[in-house]
Amino acid sequence: QVQLVESGGGLVQAGGSLRLSCAASGSIFWLYSMGWYRQAPGKQRELVADISPSGGSINYADSVKGRFTISRDNAKNTVYLQMNSLKPEDTAVYYCKAFRTRAVDYWGQGTQVTVSS
């Protein structure tokens with residue numbers, strides 16, 4: 001069982017920044033890859049970024065590459081998403097996911113990010 005608790009969402013103007021945090025319960029956080037996904041109204045959920053258990057492998061969606069940075073602190077059981085140069089197109093509910101092979105996926109509750117033009 002893994003529980004994920006997110007924070008850091010909110011309303012910002014275009015060009016601004018936000019940092020999302022996702023804190024995980026349990027003692028095996030280091031075994032999981034972590035990802036950030038987002039879903040805008042009427043659209044499918046899409047991958048924003050993910051990071052391997054040790055942080056050595058990172059992937060970004062083309063739409064956020066160069067603007068967003070994913071990181072993790074295994075000692076704190078927390079993954080972060082630093083979002084800079086935000087655009088109205090980034091407006092969505094952002095979800096945190098923990099996943100590994102041969103195990104079920106765990107999702108956070110979602111946090112709203114709204115970017116005004």
Side-chain angles (χ1 to χ4, degrees):
Q1 282 273 34
V2 176
Q3 294 179 326
L4 306 174
V5 180
E6 302 173 4
S7 61
L11 173 65
V12 297
Q13 293 185 352
S17 297
L18 283 174
R19 188 176 74 157
L20 305 183
S21 298
C22 176
S25 66
S27 61
I28 57 172
F29 177 77
W30 60 274
L31 290 174
Y32 285 83
S33 294
M34 301 294 298
W36 287 99
Y37 293 73
R38 67 187 182 187
Q39 187 167 22
K43 300 187 66 176
Q44 290 191 313
R45 191 171 300 183
E46 65 175 352
L47 173 70
V48 176
D50 60 27
I51 185 168
S52 62
S54 67
S57 181
I58 293 173
N59 298 296
Y60 294 101
D62 288 342
S63 59
V64 308
K65 189 173 179 62
R67 300 187 297 121
F68 290 10
T69 303
I70 189 171
S71 61
R72 66 189 296 161
D73 186 341
N74 286 348
K76 296 184 179 295
N77 284 11
T78 302
V79 64
Y80 305 95
L81 185 68
Q82 178 67 46
M83 304 185 294
N84 298 327
S85 301
L86 283 162
K87 305 175 181 179
E89 306 92 271
D90 297 318
T91 295
V93 177
Y94 283 70
Y95 297 91
C96 178
K97 184 178 81 171
F99 58 102
R100 61 172 178 153
T101 57
R102 298 171 295 279
V104 299
D105 299 340
Y106 296 93
W107 291 88
Q109 76 284 355
T111 185
Q112 178 70 47
V113 172
T114 302
V115 184
S116 62
S117 60

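Starting from 1, each residue takes its place in the sequence as its number.
Applying the side-chain hydrogen bond (donor to acceptor under 3.5 Å, both in side chains) criterion to Gln3, with sequence neighbours excluded, gives no partner residue. Taking the side chain to side chain contact (heavy atoms under 4.5 Å, CB included) definition, one finds that Ala92 meets it with Arg38, Ala40, Tyr94, sequence neighbours left out. Trp107 pairs by the side chain to side chain contact (heavy atoms under 4.5 Å, CB included) definition with Tyr37, Arg45, Tyr95, Lys97, Asp105, not counting sequence neighbours. Listed by chain and residue number, Arg100 satisfy the side chain to side chain contact (heavy atoms under 4.5 Å, CB included) test with Ala103 (two or more places apart in sequence, or in another chain). Looking at residues two or more places apart in sequence or on another chain, you find a side-chain hydrogen bond (donor to acceptor under 3.5 Å, both in side chains) between Gln82 and Asn84.
Contacts classified as side-chain hydrogen bond (donor to acceptor under 3.5 Å, both in side chains) and involving residues 108-117 (residues at least two apart or in different chains) are given here: Gln112-Thr114. Identified under the salt bridge (charged side-chain N to carboxylate O under 4.0 Å, His left out) test for residues 12-27, with sequence neighbours left out: none. Within the structure, no pair that satisfies the ring pair (Phe, Tyr, Trp, His ring centres under 6.0 Å) test touches residues 58-92, not counting sequence neighbours. Within the structure, the disulfide (SG to SG under 2.5 Å) test picks out no pair touching residues 36-69 (sequence neighbours left out). Counting only residues at least two apart or in different chains, ring pair (Phe, Tyr, Trp, His ring centres under 6.0 Å) contacts with residues 8-32 are absent. Screening residues 83-117 for disulfide (SG to SG under 2.5 Å) gives Cys22-Cys96 as the qualifying pairs, with residues at least two apart or on separate chains. Within the structure, salt bridge (charged side-chain N to carboxylate O under 4.0 Å, His left out) pairs that include any residue of residues 49-74 comprise Arg67-Asp90 (at least two apart or interchain).
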- Can you check side chain to side chain contact (heavy atoms under 4.5 Å, CB included) on Trp36 and Leu47, steps first, answer last? CA-CA 6 Å; Trp36 287 99; Leu47 173 70; over 6 Å; no
- Message: Please evaluate residues Ile51 and Val79 with respect to the criterion side chain to side chain contact (heavy atoms under 4.5 Å, CB included), reporting the C-alpha separation (whole Å), side-chain torsions for both, the decisive distance (0.1 Å), and the verdict.
- Response: CA-CA 9 Å; Ile51 185 168; Val79 64; 4.2 Å; yes
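Contact annotation: the side chain of Val115 never approaches that of Leu11 to less than 4.5 Å [non-hydrogen atoms, C-beta and beyond]. Counting heavy atoms from C-beta outward, Met83 and Val64 have side chains that stay 4.5 Å or more apart. Using a 4.5 Å heavy-atom cutoff, the side chains of Leu81 and Val48 are in contact.
Taking OG from Ser25 and CG from Asn77, the interatomic distance works out to 8.0 Å, rounded to the nearest 0.5 Å. Separating the CG atom in Asn74 from the CG atom in Leu31 is a distance of 9.5 Å, to the nearest 0.5 Å.
At a threshold of 4.5 Å between side-chain heavy atoms, the hydrophobic network of Ile, Leu, Val, Met, Phe, Trp and Tyr places Ile58 and Phe99 in two separate groups.
Contact record, Ser21 with Thr78: CB-CG2, 4.4 Å, taken as the closest heavy-atom pair. Annotation for Ser33 and Ser52: closest pair OG-CA, 3.8 Å, computed over non-hydrogen atoms. The shortest non-hydrogen separation linking Ala24 to Val2 is CB-CG1, 4.3 Å.
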